[in-house]
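Residue numbering restarts at 1 for every chain, and letters A, B, ... go by the order of the sequence lines. Scope of the values below: all heavy atoms of this structure, side chains included, with no hydrogens, waters or symmetry mates. Keep in mind it's a predicted model, so treat the numbers as computed, not measured.
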Amino acid sequence: MTRLAIRYDVVIVGGGPGGMSAAIGALEAGADRVLIVDREIELGGILNQCIHNGFGLHHFGEELTGPEYASRLIEELLDHRIDVATDSYVLDVDADRTLTVASPSTGITRVQAGAVVLAMGARERTRGAIRIPGSRPSGIMTAGLAQKFVNQLGYLPGRRAVILGSGDIGLIMARRLALEDVEVHGVYELMPHANGLTRNIVQCLHDFDIPLHLSTTVVGIEGSRRLERVAVAPVDENFEPDLARATEIECDTLLVSIGLIPENELSAKLGLRMDPTTGGPVVSSTMETSRDGVFAAGNVVHIHDLVDFVSQEALLAGRCAGEFATGRSRPADNIRLLAGANVASIVPHTISSDREHVVYLRVRRSMEKSWLRLGEVYEKRLRYVVPAEMVSLKVRPRFLENFHGDALKIDIVPREEPGGDDE
Amino acid sequence: MIEITHYLCIGCPLGCRLEVEEDEMGAVVEVRGHSCRKGKDFAEREHHDPRRMVTTTVAVHNGVWARLPVHTTAEVPKDMVREIVRYLRSLEAAAPVERGQLMVADVLGTGADVVASRGLDAE
């Protein structure tokens, strides 16, 4: 149990990879009183239940399992004196950066922060979000909850499972259940393409002979106490199911893996300006939100596909929070970034022409050879873009030397050049 | 008889559909469908000796969690993955455990060790 101080330089809400990386950034920037608050019993966040490998190639330069990635960050933090309040919940953050922290062991505490970093991550969308008709028996849960049951609590969710949604968590859980000798009937995906990484299609589904049914969804649920069967049906190009072709599958478990929603209850209470395309707060190039001294990073800002990018973004947020708390600041942003052709969202929302930035984009639809254009100041060849994989763009000061406007549009447009070679 | 086997490349989001052609003697005649060197290498490796890392859990007694995540220290032949996981399921560790602690040496004769992916305190 940590007895909290009254004042900290930087308080970080959330002890997952984002929060821990932000703490490291804040320490690097010279903040010496840093607090992480997390509702779990230990640091690490969702990484602790992601026991598979494939993490860390970008950030640590080697392939790690989720718990190893978390442990690396935890060990890095242990080298410093920081406070960690686990089993604790931030109820409220005021505009003057006073946080109300609740915990079963220490009760309600108010702490004053020089700067705050929001790193609450994301929640999974549930059955209710897509309104699957039918009864409400037990046996229906999100893929991430099933992951926690199997990998940490040691329970199997059932014996015969159907998975709805081909996102990476769904694919990983299809393999995980198959390895535990649960019969996995198949993965059903509304879209005409899989949402997860090709690597996971091969190593989680093909390796275990688990079929992937595209353009197909769950249209009915039956069972009074326990799930007994689901009905699945193909959908047309407008995603309307053809109920005449519905078939029934006997199963006791339905896992839904249908996307993540940034966790922004606190952001809403703070009245932060939000971006409807990302579901997270609007942020500057220092990852500062519309409230002075309140920064944000990781899945709370936009859903990432790789934890490595969460770490990199959060290191920056933590450094800037540390600078803010110790009375330093970087020149304010002078250029807004606007989403143009085939760009669904951009983070950060503004940049400054005096320094280098990494800008993350998500595209609306898949495109083979394309140009990524930053206004008229820079273009680069992209080989292949898909909505499931974030595109990153390094914006260097030299691109902006002769640019004097206040907004730049980013477009991703088809590139047609016969015989043109790829990067 | 010429035999053609298909693989899906995992090198990048392009997901090339790879074909490996073999002659009567089982020698690779040609790899097709790849668009880069990585794809060709992947097809050859998948064809001759497909290997995977194993990540699973071991039951743990008296820990803050009921399961300890573990992984192999090297890739093992793909067709041994299920057997290794079943074997590991029969074990029980006792907390506390340190990160990297050896759980099984040379698991089922594969030459790979199984180690703890994290430390786990006693409850």
*More than 12 heavy atoms of other groups within 6.0 Å of B:Tyr87 OH*: no
*Is the count of non-hydrogen atoms from other residues, nucleotides or ligands lying under 6.0 Å from B:Arg17 atom CZ greater than 12?*
no
*Examine whether an atom of A:Glu75 lies under 4.5 Å from a heavy atom of chain B, and if so say whether it belongs to the side chain, the backbone or both; otherwise answer neither.*
side chain
_I need the residue from B:Val81, B:Thr56, B:Val85, B:Val60 with the largest number of non-hydrogen atom pairs under 4.5 Å to chain A._
B:Thr56
*Heavy atoms only, distances under 4.5 angstrom: which of A:Leu153, A:Asn53, A:Asp181 has the most pairs with chain B? Name it, please.*
A:Asp181
*Determine yes or no for a side-chain-to-main-chain donor-acceptor pair under 3.5 angstrom, with B:Arg82 supplying the side chain and A:Ala178 the backbone.*
yes
*How many angstroms lie between atom CZ of B:Arg99 and atom CD1 of A:Ile74, to the nearest 0.5 angstrom?*
9.5 Å
_Toward chain B, the part of A:Val150 with a non-hydrogen atom under 4.5 Å_ = backbone
*Hey, are the side chains of A:Glu68 and B:Val115 touching, using non-hydrogen atoms and a 4.5 Å cut-off?*
no
_Close side-chain approach of B:Arg52 to A:Gln203, heavy-atom, < 4.5 Å_ = yes
*Using a cut-off of under 4.5 Å for heavy-atom pairs, which of A:Gln49, A:Glu368, A:Arg199 has the most such pairs with chain B?*
A:Arg199
*Would you please say whether a donor-acceptor pair under 3.5 Å links the side chains of B:Trp65 and A:Glu42?*
yes
*Compare all side-chain heavy atoms of B:His71 with those of A:Ile51 and state whether any distance is below 4.5 angstrom.*
no
*For side-chain contact (heavy atoms from CB on, under 4.5 Å), just list the numbers for B:Arg67 and A:Asn151, CA-CA rounded to whole Å, side-chain angles, deciding distance to a tenth of an Å, and then say yes or no.*
CA-CA 6 Å; B:Arg67 292 290 181 274; A:Asn151 292 344; 5.9 Å; no
*In terms of heavy-atom contacts, does NE2 of A:His58 have more than 12 from other residues, nucleotides or ligands at under 6.0 Å?*
yes
*Specify the closest pair of heavy atoms between A:Ile41 and B:Val64, including all atoms of both residues, with the distance to one decimal.*
CD1-CB, 4.3 Å
*Tell me, out of B:Pro69, B:Ala66, B:Ser117, B:Cys9, who's got the most heavy-atom pairs with chain A below 4.5 Å.*
B:Ser117
_For the backbone of A:Leu179 and the side chain of B:Arg89, can you confirm whether one donor and one acceptor N or O come within less than 3.5 Å of each other?_
yes
*Which residue out of B:Val70, B:Thr55, B:Asp121 racks up the most heavy-atom pairs below 4.5 Å with chain A?*
B:Thr55
_Are more than 12 heavy atoms, taken from residues, nucleotides or ligands other than A:Arg159, located less than 6.0 Å from that residue's CZ atom?_
no
*When you look at NZ of A:Lys394, are more than 12 heavy atoms from neighbouring residues, nucleotides or ligands closer to it than 6.0 Å?*
no
